[in-house]
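Beneath this line is the structure, given in C-alpha cells, with notes to follow.
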2 protein chains.
Amino acid sequence: MTVQDIRAFNRFYTNVIGALDYSRQLYAPYTLTESRVLYELAHSPRTDAADLRTELSLDAGYLSRILNKFEQDGLIERTASARDPRRRRVTLTARGRETAALLAERADESVGALLATVPSADRPRLSEAMRTVRTLLSDGRPPRREDVLLREPRPGDLGWIVARNAALYAAEYGFNADYEGLVARIVADFAEDHDPHLERVWIAELDGRPVGCVMCVRDEAPATARLRLLLVEPDARGLGIGDRLVAAVVDFARGVGYRDLVLWTNDVLAAARRVYQRHGFVLAAEKPHRSFGRDLNGQDWRLDLTGAVG
Amino acid sequence: MTVQDIRAFNRFYTNVIGALDYSRQLYAPYTLTESRVLYELAHSPRTDAADLRTELSLDAGYLSRILNKFEQDGLIERTASARDPRRRRVTLTARGRETAALLAERADESVGALLATVPSADRPRLSEAMRTVRTLLSDGRPPRREDVLLREPRPGDLGWIVARNAALYAAEYGFNADYEGLVARIVADFAEDHDPHLERVWIAELDGRPVGCVMCVRDEAPATARLRLLLVEPDARGLGIGDRLVAAVVDFARGVGYRDLVLWTNDVLAAARRVYQRHGFVLAAEKPHRSFGRDLNGQDWRLDLTGAVG
DNA sequence: CCCGGATTCTTGACTCAGTCAGAGATATCG
DNA sequence: CGATATCTCTGACTGAGTCAAGAATCCGGG
C-alpha cells in the first residue's frame with residue numbers, strides 16, 4: 001500500500017529535517033521560517049510580499065512582521081510595487097545577501113555532515129531518488145512533449161533496451177524468457193557490427209532517464225530497412241514518444257536512401273499498431289505462431305519510402 | 001553537487017508536509033506532536049515515558065503535560081514501571097486505540113489525496129525512490145551480508161546484466177561500445193539455448209534490487225565449465241558478494257560433474273582476480289590484446305574441480 | 001464616475017507549542 | 001550511608017504562528 005509507504009517516509013523525513021537542526025543554531029539569530037523567506041528573496045529575481053506569501057504559504061500578518069524585522073536589521077528594502085501600489089516590492093540589500101549566504105553556508109555544512117554518513121558510491125542513487133520523489137510529487141505537473149529528448153545510446157542503454165523489453169512484455173503480455181533472448185540477440189547483432197550510416201538506435205529520454213527506444217537496421221531484402229524494438233515506458237505514454245521514435249526512423253531511412261521500411265509485430269500490441277498506421281505503414285502479411293510461451297498473430301507491416309511524402 | 005540536491009529536496013519536502021495539513025484539521029483536537037506520541041504508543045509494544053522522550057526527542061516537561069492531557073481524555077493509563085518506580089509505564093486504553101486509529105485514518109486520507117495526483121503508473125517508482133532515500137539516510141546502517149540474496153534471473157535481469165556491465169566498465173575502465181556487444185552476445189547465447197542442468201545465471205539481490213551477477217556455461221573443452229560476467233555494483237562491494245557468486249558457480253559446477261572450471265579476465269580487474277585466487281583458481285595463460293578500445297592483458301584462469309575440496 | 005466587492009498590507013490581540021529551571025522521588029555507585 | 005544521576009512533574013516563560021479588524025487600493029458593473 002503506497003499510502004503507508006508515504007506516511008512512513010513522512011515520519012522518517014520529519015526526523016531527518018529535525019536532526020539537521022539538532023544544535024538549534026542553524027538559523028540563529030533567525031528562525032526556520034525567516035530563513036526560508038531570506039532564501040526565497042535571494043533566489044527569485046522579483047519578489048513582492050504577496051509572492052512570498054503564496055510561495056511559502058505564510059500568514060500575511062506573520063510575513064509582514066518578519067519583513068519588519070528584516071528591514072530593521074538592514075537586510076531588505078521595501079518599496080511600492082510599480083504596477084500596483086498596494087503591493088510591496090521587497091529587495092535584498094548587500095547585507096541581506098551576505099546574511100543569506102551565511103545561512104546557506106551553515107545549512108550546507110549541516111547537510112554535508114549528513115551526507116558524509118552516506119558512502120560516496122551511494123550518493124548518485126540518493127540524488128536520483130530524491131529527484132524522482134520531487135518530480136513525481138510536484139503537484140502532478142505532467143511532463144510535456146518538449147521534455148522528451150531523442151538521442152544516441154550511451155553505454156548501458158542497449159542493455160536497458162533488453163531489460164525493459166523483457167520486463168514489460170513479461171508483465172503486460174506474459175512473454176517468457178525466450179523473448180529476452182531474442183531481444184538480446186538483436187541488440188548483440190547491432191552492437192557487434194553495424195554501419196552507422198545505415199543502421200541506428202534512438203533512445204528517448206525524459207528527465208534524464210531513458211523511457212523509450214527504437215532501432216533501424218538493414219534488412220535482407222535490397223534497399224529495405226527494418227524497424228525493431230519500438231518501446232515506450234508505461235509511465236511516459238501519451239506524450240507522443242512512440243510517434244517521434246517512428247518518425248525518426250522513417251526520416252532516417254528515407255534520408256539515407258532506403259526504398260522500403262518493414263517491421264514485424266504482433267496483433268496484441270494494439271497501441272504500437274496505431275502508431276505504425278499513422279505513419280503510413282500497411283499490413284502486408286499476418287501469420288499465427290507460437291513464441292515466447294504464447295499463441296500470437298505475427299504481422300508484417302510495410303511502408304513505401306519512395307512515395308509522396310506526408 | 002549533492003549537498004544542493006539534498007537542500008533542494010528538504011525545501012521541497014517541507015512544503016509537501018506542510019501542504020498535507022493545509023486544512024489544519026488533520027490532528028484536531030490534538031497537535032502534530034501529540035499525534036506523534038499517540039502513534040508511537042499505538043505502534044511500539046511497551047512504552048515508558050522515557051522511551052517516548054528519547055524516541056521522539058521531546059522535552060520531559062512537555063511530554064509530561066501531553067500525557068496529562070491524554071490521561072484526562074481517557075486515552076491512556078499511567079502506572080509505575082515494574083523495574084524502576086521512577087519510570088512511568090504508559091498504556092493505551094481502548095479509547096486511546098480508537099483515537100489513534102481515527103487520526104491514522106485522517107492522515108491516510110490526506111496522503112491519499114496527495115497520492116491521487118500521481119499517475120498510478122508512477123507509483124511503484126515513487127515507493128522505490130522513497131525507500132531508497134530512507135535506507136541511504138538511515139544513519140548509514142551498512143547493509144549486512146545476510147541482506148544479500150542469490151537467486152535465479154527474472155525477466156529483465158539478463159538485460160540488466162548487459163546494461164550494468166557496459167555502464168560500469170565504460171565508467172571505470174573506459175571500455176567502448178564493443179564491450180556491450182560482447183556481453184549482449186553472451187547473454188543472448190545463454191537465453192536462446194542453455195541446458196538448465198549444466199548452465200546457469202545467478203543474480204545477487206540487495207534490498208530488492210540486483211547488485212551482482214555471474215554466469216556458468218559449458219565450455220568447448222570436454223567436462224569444462226566457464227565462469228563469465230562476474231559483476232558487483234560499486235555500492236554493494238565489500239559485502240562478500242563476489243565471493244558468494246563465485247562460490248555458487250564452483251559448487252554448482254562441481255555438483256553437476258564438471259572436472260574443470262575456467263574463466264577469462266583482464267589484468268586491470270584486480271578485485272575480481274583476488275576473488276578468483278581465493279577460490280583456488282590459478283593463472284594458466286596471459287596474452288596482450290586490443291579490445292573495447294583499450295590495450296589489455298587477457299588472462300586465462302583455471303580451477304581443477306576434481307582435487308581435494310577446501 | 002461611482003459603488004460594491006476583492007486584494008494587499010499592517011497592526012493589535014491572542015493562542016498554544018515548546019523550553020527552562022527547580023523540586024521530589026528514587027536508582028546507582030563508592 | 002552519602003554523593004550523584006535519572007525520571008517525572010509543575011510553574012513560569014518565550015516566541016512562532018494565527019486571527020480579526022482596518023486602511024489603502026484595484027477592478028468590474030452600472
Side-chain angles (χ1 to χ4, degrees), chain A residues 14-15 17-19 21-38 41 46-73 76-91, chain B residues 14-15 17-41 46-73 76-91 103:
Chain A
T14 303
N15 282 333
I17 292 177
D21 189 21
Y22 185 68
S23 62
R24 311 283 141 172
Q25 294 300 320
L26 253 193
Y27 312 109
Y30 299 100
T31 69
L32 167 63
T33 308
E34 286 167 339
S35 91
R36 287 172 73 206
V37 172
L38 212 49
L41 284 170
R46 62 164 177 288
T47 30
D48 291 353
D51 301 330
L52 291 172
R53 248 184 34 221
T54 56
E55 190 64 31
L56 301 174
S57 322
L58 293 180
D59 175 80
Y62 186 26
L63 177 63
S64 175
R65 254 179 277 263
I66 289 176
L67 294 179
N68 281 347
K69 184 174 173 189
F70 283 174
E71 201 169 31
Q72 273 186 333
D73 292 357
I76 61 166
E77 279 169 357
R78 282 197 274 197
T79 56
S81 166
R83 68 163 214 273
D84 183 343
R86 289 173 311 175
R87 298 169 70 102
R88 298 270 251 154
R89 149 150 300 173
V90 183
T91 45
Chain B
T14 303
N15 282 333
I17 291 176
L20 277 181
D21 189 22
Y22 185 70
S23 60
R24 310 285 140 172
Q25 294 300 318
L26 252 194
Y27 311 110
Y30 298 100
T31 69
L32 167 62
T33 309
E34 286 167 338
S35 89
R36 286 172 73 206
V37 172
L38 214 48
Y39 179 91
E40 195 64 27
L41 283 170
R46 64 165 175 288
T47 29
D48 291 352
D51 301 330
L52 291 172
R53 248 183 35 221
T54 57
E55 190 63 33
L56 301 173
S57 324
L58 292 180
D59 176 79
Y62 186 26
L63 177 62
S64 174
R65 253 179 279 263
I66 289 176
L67 294 180
N68 280 348
K69 185 174 172 189
F70 283 174
E71 202 170 31
Q72 273 185 332
D73 291 358
I76 61 166
E77 278 168 0
R78 281 195 276 199
T79 56
S81 165
R83 69 162 214 274
D84 182 343
R86 291 173 309 176
R87 299 169 68 102
R88 299 269 251 152
R89 150 147 300 173
V90 183
T91 45
L103 292 181

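We use all heavy atoms of the structure for the numbers below, so side chains are in, but hydrogens, waters and symmetry mates are not. Residue numbering restarts at 1 for every chain, and letters A, B, ... go by the order of the sequence lines.
Judged by distance alone, with hydrogens and angles left aside, A/Arg65 brings a side-chain donor or acceptor within reach of the base of C/dG12, the pair sitting under 3.5 Å. Judged by atom type and distance alone, A/Arg86 reaches the base of C/dT7 through a side-chain donor-acceptor pair under 3.5 Å.
Panel note: side chain A/Asp59, backbone A/Gly61; a donor-acceptor pair is recorded below 3.5 Å.
Residue A/Arg78 places its side chain closer to C/dT10 than to any other of C/dT7, C/dC9, C/dT10. Looking at the side chain of B/Pro85, the nearest of the listed nucleotides C/dA27, D/dT8, C/dT11 is C/dA27.
The nearest whole Å value for the distance from the OH atom in A/Tyr30 to the C1' atom in D/dG15 is 16 Å. For B/Leu63 and D/dT8, the CG to C1' distance is 9 Å, given to the nearest whole Å. If you measure from atom CZ of A/Phe70 to atom P of C/dT10, you get 14 Å, rounded to the nearest angstrom. In this structure, CG of B/Leu58 is placed 8 Å from P of C/dT19, rounded to the nearest angstrom.
Helix-axis bend for the helix from C/dC1-D/dG30 to C/dG30-D/dC1: the local axis fitted to the five terminal pairs at one end deviates from that at the other end by 30°, rounded to 10°.
Checking B/Arg87 against A/Lys69, the closest nucleotide of DNA chain D that is more toward the 5' end is the one next to B/Arg87. DNA chain C is contacted by both A/Ser64 and B/Gly61; A/Ser64 maps to the nucleotide lying nearer its 5′ end (nearest heavy atom per residue).
When heavy atoms are screened at a 4.0 angstrom cut-off, A/Arg53 is found touching the sugar-phosphate backbone but no base atom. Across all strands, A/Asp59 comes closer than 4.0 Å to base atoms (heavy-atom distances). At a threshold of 4.0 angstrom between heavy atoms, the contacts of A/Ala50 are confined to the sugar-phosphate backbone, with no base atom among them. Contacts of B/Ser81 with the nucleic acid, taken as non-hydrogen atoms under 4.0 Å apart, are absent. Using a 4.0 Å heavy-atom cutoff across all strands shown, B/Asp48 reaches no nucleic acid atom at all.
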Quick one, B/Leu58 with B/Val37, criterion side-chain contact (heavy atoms from CB on, under 4.5 Å). Give me CA distance, side-chain angles, the key distance, then yes/no. CA-CA 10 Å; B/Leu58 292 180; B/Val37 172; 3.8 Å; yes
